[in-house]
Amino acid sequence: MATAAQQSTASAPDASRTFPEGFLWGFSTAAYQIEGAVAEDGRTPSIWDTYARTPGRVRNGDTGDIATDHYHRLHEDVALMAGLGVGAYRFSLAWPRVQPTGRGPASQKGLDFYRRLVDALLEKGIQPVATLYHWDLPQELEDAGGWPERATAERFAEYAALAADALGDRVKTWTTLNEPWCSAFLGYGSGVHAPGRTDPVAALRAAHHLNLAHGLAVQALRDRVADAECLVSLNIHHVRPLTGSDADADAARRIDALANRVFTGPMLRGAYPEDLLKDTAALTDWSYVHDGDLAQIHQPLDLLGVNYYTPTLVSRADGDGAHTSDGHGNSAHSPWPAADEVAFHQPPGDTTPMGWAVDPSGLYDLLRRMASDFPEVPLVITENGIASDDYADPSGQVNDPARIAYLRGHLAAVHRAVEDGADVRGYFLWSLLDNFEWAHGYSKRFGAVYVDYPTGTRIPKASARWYAEVARTGVLPGA
Ligand code: IFM
């Protein structure tokens, strides 16, 4: 079932497309996925260290212990980006490196690493975009209850303040959370992410405390960094019903509430959606939402970060069992509380090694929807990209035509959304480097730069050169 956007993207004229003046081009990474050095300079374990060391959790028993060794290669990696000519770099701070154990004073050695990184970026004219939380909760805070507990949000506000005090003189653009849906629902619901709990009520409680952490952190940043630009990065699911039936429309509504509006409601509208409260009423009374929380969460944002990879296709379950993959890993436990009557289907189209359907029209539709639902906040694509089975050929080259095709299609969709009125300010490719892809370990390569893990050698792939040209000119070439 092709949407209008699908048809128009597919039949778009074979012409080049120019992005608006000032459109920001960058790469995205996350601390645990690239840094390594997990026990250096005072860093303490995060929930991902613990999870990865638990047998059976991560493919091949891979861990982030070394990852891409970015902790020791930061200058090489910044030089790589400078060579590729991008204007911005989105990275995350490891909470247990900045504030070991998640309480008390900051670690100066931990902060020094990020000061060195930011200084190196600024020296090359690359804008730093810092994310405070990309899933590496200090293990001690999980031991004290983790995100289902309110105290974790309070600890997060203290950590945000430490980070802002130390780096606010040189970092102006701050993302509070990356994909809180994954933290709450994969971490505490299906258990396919750290900390690996499988309790739907804990997942909903975690979602609320992540929302609260976001609101508290925005306030801490604004109190300390006068010209701070604050955003959150949400993996907004573009949810499509399988058919035009009312039952399938209701399934899509239910998943949209659990995936998207559970965050955009409080953050951008100051309320949880009524339908979400009703759908989950048999599980929870939401009494962990205290007076004043919603006002605290509802902070004005400078940008809304959108992470997009693939659409989500749902129907009302018909009991034939011909479904279940929701693209979020295998678990006997659903990440979707109170949604047992929803079936997930593989969307049409080619799939990537992650099993995700390639569909740029989902990005177009999503950007148009966000622009229409939240016209007051400009958008930025903080993640988009593809895993591919890349390898270095005998001459040392890495050719990744599937990534170029994916980027071409998705950037055309972004351009079209901009032309049709969406205020999109930039695009960050996930990811700069091949890296630790969570429960998939190192088996999935998302980088524009290939990493030879045994040696740490970096090789820019063909897509890195292609993307560099788009970033340099601001023009997406015709096919
Ligand atoms: O690698 C992840 C990233 O950490 C968060 N967004 C999706 C990416 C690809 O799965």
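First listed ligand is number 1; within each ligand, the first listed atom is number 1. All values reported here derive from a predicted model rather than from experimental measurement.
The residues Asp77 and Arg73 are annotated as not salt-bridged, no charged nitrogen and carboxylate oxygen being separated by less than 4.0 angstrom.
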task: Decide yes or no on salt bridge (Lys or Arg N to Asp or Glu O under 4.0 Å) for Arg425 and Asp423, but give the supporting numbers first.
output: CA-CA 6 Å; Arg425 301 287 173 90; Asp423 183 1; 2.7 Å; yes
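Each of the following atoms of ligand 1 lies closer than 4.0 Å to a heavy atom of Phe446: 9 (C), 10 (O).
Heavy atoms of Trp356 approach ligand 1 to within less than 4.0 angstrom. Look at His134 and you'll find a heavy atom under 4.0 Å from some atom of ligand 1.
Atom 8 (C) of ligand 1 has its closest protein heavy atom at Tyr309 OH, 3.4 Å. Of the protein's non-hydrogen atoms, Glu383 OE1, 3.2 Å is the one closest to atom 7 (C) of ligand 1.
Below 3.5 Å of separation, one finds an N or O of Trp430 facing an N or O of ligand 1. Ligand 1 has no N or O atom lying under 3.5 Å from any N or O atom of Asn435, backbone or side chain.
Tyr391 contributes atom OH, which lies 12.5 Å from atom CZ of Arg445 (distance to the nearest 0.5 angstrom). Going from atom NE2 of His134 over to atom OG of Ser233 covers 9.0 Å, rounded to the nearest 0.5 Å.
Partner of Phe436 under the side chain to side chain contact (heavy atoms under 4.5 Å, CB included) criterion, chosen from Thr68, Asp65, Val58: Val58. Paired with Asp434 under the rule salt bridge (charged side-chain N to carboxylate O under 4.0 Å, His left out), one option of Lys444, Lys461, Arg403 passes, and it is Lys461.
Distances from atom 9 (C) of ligand 1 to the heavy atoms of Glu179, Glu437, Met354 put Glu437 nearest.
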